[in-house]
Amino acid sequence: MLKAIFCAVSIFLLPVAAFAENNVLTVLYTGAVRGELEPCGCSPENLSGGLARLSGFISVNSEKLSPYLLVDAGNSLGDDSIQGRLKSDALLKSFPLIGYDAAALSKEKVPSDTLKSFRKYGVKSVGDVPGGKRSIKAGKGRFALNISSDKTASRKGMLNVLLTDRPLSELGQVGDWDIVVTSSGEVLEEPVTSGRALVVSGYPRGQKLGVLTLSLDENGRVSGFSHQWQALGNDVKEDPKVREIINEYDKKVAGLVKDEDMPQTGLSPYLGAESCQECHRSYHEGWKTTRHSQAFGTLERVGKPRDPECVACHSTGYGEDGGFYSISATPELAGVQCESCHGPGREHTKDFRSMRPVTESVCLKCHTEERSPNFEFNRYIEGIGHY
């Protein structure tokens with residue numbers, strides 16, 4: 001039967017004697033990063049996370065954390081798209097620099113082009129990928145650890161760490177394991193016990209680093225623990241080497257969007273906000289005072305003006321015939337304009353009844369739970385200024 005227990009002692013307040021006796025081990029863990037190389041930054045609530053900050057935090061605090069084990073439980077690569085594969089390559093290139101002792105990877109969830117990156121970057125992986133191992137042995141302090149993604153691969157006389165993508169409800173018996181780290185995407189604010197095992201779950205999209213500090217007895221068994229989530233906000237100094245990898249990724253993504261490849265669709269159904277103001281000047285003036293009007297500028301400031309995942313919600317009609325393509329090709333459609341919410345306006349000039357009403361479903365295309373966790377339709381719509 002699963003039972004939640006939690007100890008609120010900070011890892012940095014453990015008695016000095018515990019360190020002197022060398023019976024403390026810190027397990028740093030991630031999982032379910034899902035290709036999130038750095039925080040989106042669209043909302044104050046999701047400004048935490050990022051590989052460069054993760055690496056920077058560990059580097060600065062390595063002495064306080066030592067001895068420590070750093071593992072990733074899986075589900076951390078990008079999806080099987082061109083941009084997703086670029087994310088996976090950047091993530092795998094970063095892992096050895098960050099110092100991961102092991103990462104769980106499954107061939108079934110890895111794009112074929114990405115498989116080549118494991119050996120190329122020397123990622124220490126457990127799983128059924130080329131170069132992956134059934135188990136990885138690691139020595140931390142005076143203790144020997146066995147790390148695996150194979151539930152049947154525990155070893156006697158070692159501290160056993162299982163990396164899995166199974167949620168709590170599907171874990172089953174894990175009695176032979178001391179620590180279980182899942183990448184199911186569920187948030188476990190506190191560790192959960194199953195038999196002798198402590199079960200933790202990587203924080204979704206890498207927004208926080210899990211810090212599980214173990215007290216071990218003379219036989220290497222867990223006799224006590226403390227746990228905390230380490231936020232990775234902008235107060236954490238980034239690792240410049242990992243930042244360089246992310247900047248390189250941004251350049252590759254920008255290279256995917258070439259003006260000469262812009263589809264030629266004839267007369268665009270989109271007119272742009274400047275055309276709207278001819279009849280709706282007061283609404284246009286109000287719109288210019290909102291964050292919607294400045295949405296594309298935020299991408300330019302962070303170096304992502306050609307990132308498809310970002311541009312889609314910071315421009316008008318992106319991905320649609322005649323919609324925004326790039327700031328150089330379609331500057332008149334930059335930002336979240338009238339037609340982002342009301343639909344293309346050309347038909348509206350012929351039939352004034354053709355504009356679509358703005359409902360919550362329209363807003364939720366961009367104001368998702370992940371990107372805008374505190375979105376409230378009625379409160380947000382008041383800020384638009386013409387309702």
Side-chain angles (χ1 to χ4, degrees), residues 1-7 23-34 68-77 100-110 124-129 132-141 143-204 208-229:
M1 181 175 179
L2 298 176
K3 179 182 179 183
I5 52 178
F6 179 70
C7 181
N23 68 341
V24 172
L25 173 69
T26 302
V27 178
L28 307 177
Y29 64 92
T30 58
V33 174
R34 301 190 186 282
Y68 68 84
L69 175 75
L70 175 60
V71 295
D72 183 87
N75 282 328
S76 290
L77 299 180
Y100 275 90
D101 292 289
L105 299 162
S106 173
K107 184 170 60 179
E108 295 179 358
K109 298 186 177 182
V110 178
K124 298 177 182 177
S125 58
V126 290
D128 56 356
V129 296
K133 298 181 179 180
R134 186 177 184 226
S135 298
I136 289 178
K137 296 179 181 178
K140 299 293 177 179
F143 299 107
L145 290 86
N146 171 55
I147 311 155
S148 181
S149 60
D150 183 345
K151 195 174 179 180
T152 67
S154 62
R155 294 176 179 271
K156 292 183 178 180
M158 303 180 78
L159 187 73
N160 289 289
V161 181
L162 176 66
L163 309 179
T164 178
D165 61 0
R166 299 286 185 180
L168 271 177
S169 60
E170 298 178 10
L171 267 183
Q173 296 298 316
V174 287
D176 293 334
W177 298 88
D178 299 289
I179 307 297
V180 178
V181 186
T182 82
S183 61
S184 63
E186 58 193 326
V187 177
L188 301 181
E189 293 294 349
E190 305 172 1
V192 170
T193 57
S194 179
R196 80 179 191 207
L198 284 174
V199 183
V200 292
S201 181
Y203 208 92
K208 298 178 184 179
L209 171 66
V211 183
L212 178 65
T213 305
L214 308 174
S215 296
L216 305 174
D217 63 23
E218 59 183 11
N219 297 315
R221 294 299 180 196
V222 178
S223 58
F225 73 91
S226 64
H227 178 268
Q228 71 175 38
W229 289 111

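The basis for the numbers below is simple: all heavy atoms, side chains too, and nothing from hydrogens, waters or symmetry mates. These numbers come from a predicted model, not from an experiment.
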Original post:
Are the side chains of Val200 and Val27 in touch, meaning some heavy atoms are under 4.5 Å apart?
Top reply: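 They are not in side-chain contact.
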Subject >> Sub-4.5 Å side-chain heavy-atom contact between Leu198 and Thr193 >> reply: yes
Original post:
For residues 166-176, which residue pairs qualify under salt bridge (charged side-chain N to carboxylate O under 4.0 Å, His left out), counting only residues two or more places apart or in two chains?
Top reply: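 As it turns out, the salt bridge (charged side-chain N to carboxylate O under 4.0 Å, His left out) pairs with a partner in residues 166-176, which skip direct neighbours, are Arg166-Glu170.
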Original post:
Could you give all pairs that pass the salt bridge (charged side-chain N to carboxylate O under 4.0 Å, His left out) test and reach residues 214-228, with sequence neighbours left out?
Top reply: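 Only Asp178-Arg221 qualify under salt bridge (charged side-chain N to carboxylate O under 4.0 Å, His left out).
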Subject >> Contacts of Tyr203 that satisfy side-chain hydrogen bond (donor to acceptor under 3.5 Å, both in side chains) - sequence neighbours left out >> reply: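 By the side-chain hydrogen bond (donor to acceptor under 3.5 Å, both in side chains) rule, Tyr203 matches no residue at all.
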Original post:
With no hydrogens and no angle check, is any side-chain donor or acceptor of Asn146 less than 3.5 Å from a backbone partner on Ala144?
Top reply: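 No, the answer is negative, given that no donor and acceptor are paired below the 3.5 Å cut-off.
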Which residues satisfy the side chain to side chain contact (heavy atoms under 4.5 Å, CB included) test with [X], sequence neighbours excluded?
{"X": "Gln173", "value": "none"}
{"X": "Ser148", "value": "Ser135, Asp150, Ala153, Trp177"}
{"X": "Asp101", "value": "Leu69, Leu70, Lys140"}
{"X": "Ser201", "value": "Thr182, Ser184, Glu186, Leu188"}

Original post:
Would Ser183 and Arg34 count as a side chain to side chain donor-acceptor pair (under 3.5 Å) if you check the C-alpha gap in whole Å, the side-chain angles of each, and the deciding distance to 0.1 Å?
Top reply: CA-CA 10 Å; Ser183 61; Arg34 301 190 186 282; over 6 Å; no
Original post:
What's the spacing between Ser226 OG and Leu212 CG if we round to 0.5 Å?
Top reply: 7.5 Å
**OP:** Applying ring-ring contact (aromatic ring centres under 6.0 Å, His included), name anything that partners Tyr100, two or more places apart in sequence or on another chain.
**Re:** Phe95
